[in-house]
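Since we're looking at a predicted model, the values are computed, not measured.
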Amino acid sequence: FKVTMAEGGTRALVLGWAPTLMGYSAQGMCKFGFYEFFKVKYADVIGEENAYIYRIPLYLAASASAEFIADIALCPFEAVKVRMQTSPGFATTFLEGAPKI
(Lines give C-alpha, C1' and ligand atoms only; values in the text may rest on other atoms or scores of the structure.)
Protein backbone atom coordinates (compact mmCIF):
# COMPACT_ATOMS: atom_id res chain seq x y z
CA PHE A 1 0.00 0.00 0.00
CA LYS A 2 2.69 2.43 1.03
CA VAL A 3 4.88 1.65 -2.00
CA THR A 4 1.94 1.86 -4.40
CA MET A 5 0.92 5.26 -3.01
CA ALA A 6 4.50 6.54 -3.18
CA GLU A 7 5.08 5.37 -6.75
CA GLY A 8 1.72 5.93 -8.43
CA GLY A 9 -0.49 7.89 -6.08
CA THR A 10 -4.19 7.35 -5.66
CA ARG A 11 -4.64 6.52 -9.35
CA ALA A 12 -2.43 3.43 -8.95
CA LEU A 13 -4.77 2.07 -6.28
CA VAL A 14 -7.72 1.95 -8.67
CA LEU A 15 -5.80 0.81 -11.75
CA GLY A 16 -7.48 -2.34 -13.01
CA TRP A 17 -10.89 -1.84 -11.42
CA ALA A 18 -12.77 -2.29 -14.73
CA PRO A 19 -11.35 -5.72 -15.65
CA THR A 20 -11.86 -6.82 -12.05
CA LEU A 21 -15.50 -5.75 -12.08
CA MET A 22 -16.25 -7.26 -15.48
CA GLY A 23 -14.27 -10.44 -14.85
CA TYR A 24 -15.84 -11.29 -11.53
CA SER A 25 -19.28 -10.40 -12.89
CA ALA A 26 -18.76 -12.85 -15.77
CA GLN A 27 -17.47 -15.47 -13.37
CA GLY A 28 -20.46 -15.05 -11.06
CA MET A 29 -22.96 -15.27 -13.91
CA CYS A 30 -21.30 -18.37 -15.32
CA LYS A 31 -20.99 -20.00 -11.92
CA PHE A 32 -24.68 -19.57 -11.10
CA GLY A 33 -26.00 -20.37 -14.56
CA PHE A 34 -23.84 -23.40 -15.25
CA TYR A 35 -24.41 -24.78 -11.74
CA GLU A 36 -28.15 -24.87 -12.43
CA PHE A 37 -27.54 -26.31 -15.90
CA PHE A 38 -25.22 -29.08 -14.73
CA LYS A 39 -27.41 -29.91 -11.74
CA VAL A 40 -30.33 -30.68 -14.07
CA LYS A 41 -28.19 -32.47 -16.67
CA TYR A 42 -26.41 -34.69 -14.14
CA ALA A 43 -29.71 -35.50 -12.43
CA ASP A 44 -31.15 -36.53 -15.81
CA VAL A 45 -28.14 -38.76 -16.48
CA ILE A 46 -28.32 -40.70 -13.19
CA GLY A 47 -32.11 -40.77 -12.89
CA GLU A 48 -34.58 -39.17 -10.51
CA GLU A 49 -34.22 -41.67 -7.66
CA ASN A 50 -30.40 -41.71 -7.75
CA ALA A 51 -30.36 -37.92 -8.02
CA TYR A 52 -32.18 -37.75 -4.70
CA ILE A 53 -30.08 -40.44 -3.04
CA TYR A 54 -26.76 -38.99 -4.27
CA ARG A 55 -27.76 -35.31 -4.23
CA ILE A 56 -24.69 -34.10 -2.33
CA PRO A 57 -22.17 -35.64 -4.79
CA LEU A 58 -24.40 -34.46 -7.65
CA TYR A 59 -24.35 -30.87 -6.31
CA LEU A 60 -20.58 -31.06 -5.81
CA ALA A 61 -20.04 -32.31 -9.37
CA ALA A 62 -22.34 -29.61 -10.77
CA SER A 63 -20.55 -26.96 -8.72
CA ALA A 64 -17.08 -28.12 -9.81
CA SER A 65 -18.13 -28.19 -13.47
CA ALA A 66 -19.62 -24.71 -13.22
CA GLU A 67 -16.54 -23.36 -11.45
CA PHE A 68 -14.28 -24.73 -14.18
CA ILE A 69 -16.17 -22.86 -16.90
CA ALA A 70 -16.56 -19.73 -14.75
CA ASP A 71 -12.81 -19.57 -14.15
CA ILE A 72 -12.18 -19.77 -17.89
CA ALA A 73 -14.51 -16.78 -18.31
CA LEU A 74 -12.54 -14.87 -15.65
CA CYS A 75 -9.02 -15.55 -17.01
CA PRO A 76 -8.83 -13.00 -19.87
CA PHE A 77 -10.01 -10.20 -17.59
CA GLU A 78 -7.49 -11.12 -14.90
CA ALA A 79 -4.71 -11.29 -17.49
CA VAL A 80 -5.44 -7.72 -18.60
CA LYS A 81 -5.68 -6.51 -15.00
CA VAL A 82 -2.37 -8.06 -13.97
CA ARG A 83 -0.58 -6.69 -17.05
CA MET A 84 -2.04 -3.23 -16.41
CA GLN A 85 -0.81 -3.29 -12.83
CA THR A 86 2.63 -4.83 -13.38
CA SER A 87 3.78 -3.66 -16.82
CA PRO A 88 4.27 0.10 -17.00
CA GLY A 89 3.05 1.50 -20.30
CA PHE A 90 1.01 -1.59 -21.21
CA ALA A 91 -2.39 0.09 -20.91
CA THR A 92 -4.32 2.44 -18.65
CA THR A 93 -7.83 1.20 -19.49
CA PHE A 94 -9.39 -2.19 -20.08
CA LEU A 95 -10.41 -1.31 -23.64
CA GLU A 96 -6.84 -0.36 -24.44
CA GLY A 97 -5.37 -3.50 -22.86
CA ALA A 98 -7.80 -6.19 -24.01
CA PRO A 99 -6.75 -6.23 -27.69
CA LYS A 100 -3.11 -6.57 -26.65
CA ILE A 101 -3.65 -9.88 -24.85
When rounded to the nearest 0.5 Å, the distance separating NZ of Lys81 from OG1 of Thr86 is 10.0 Å

Any side-chain to backbone donor/acceptor pair from Ser63 onto Tyr59? Under 3.5 Å, distance only. no

Looking at Lys100, I want to see if its NZ is surrounded by more than 12 non-hydrogen atoms of other residues, nucleotides or ligands under 6.0 Å. yes

CD1-CD distance between Ile69 and Gln27, expressed to the nearest 0.5 angstrom: 12.5 Å

If Ile, Leu, Val, Met, Phe, Trp and Tyr residues are connected whenever their side-chain heavy atoms lie under 4.5 Å apart, and connections chain through other members, are Phe38 and Tyr52 in the same group? no

Hydrophobic cluster identity match, Tyr54 and Val45, side-chain contacts under 4.5 Å: no

Ala43 and Ala51 have their tightest heavy-atom pair at CB-CB, 3.8 Å

Can you measure from CZ (Phe77) to CD1 (Ile101) and round to the nearest 0.5 angstrom? 12.0 Å

Please tell me whether Ile72 and Phe37 are part of a single hydrophobic cluster in this structure, the criterion being side-chain heavy atoms less than 4.5 Å apart. yes

Rounded to the nearest 0.5 Å, how far apart are CD of Glu78 and CG of Asp71? 10.0 Å

Indicate if Leu95 and Met84 have the same hydrophobic cluster label, given that clusters are the connected sets of ILVMFWY residues with side-chain heavy-atom separations under 4.5 angstrom. yes

How far does CE of Met29 sit from OH of Tyr24, to the nearest 0.5 angstrom? 14.5 Å

Which value, rounded to the nearest 0.5 Å, describes the distance between Glu96 atom CD and Phe90 atom CZ? 8.5 Å

Which atom names give the shortest non-hydrogen contact between Gln85 and Leu15, and what distance separates them? NE2-O, 2.9 Å

Under 4.5 Å between side-chain heavy atoms, counting indirect links through other Ile/Leu/Val/Met/Phe/Trp/Tyr residues: same cluster for Leu74 and Val80 or not? no

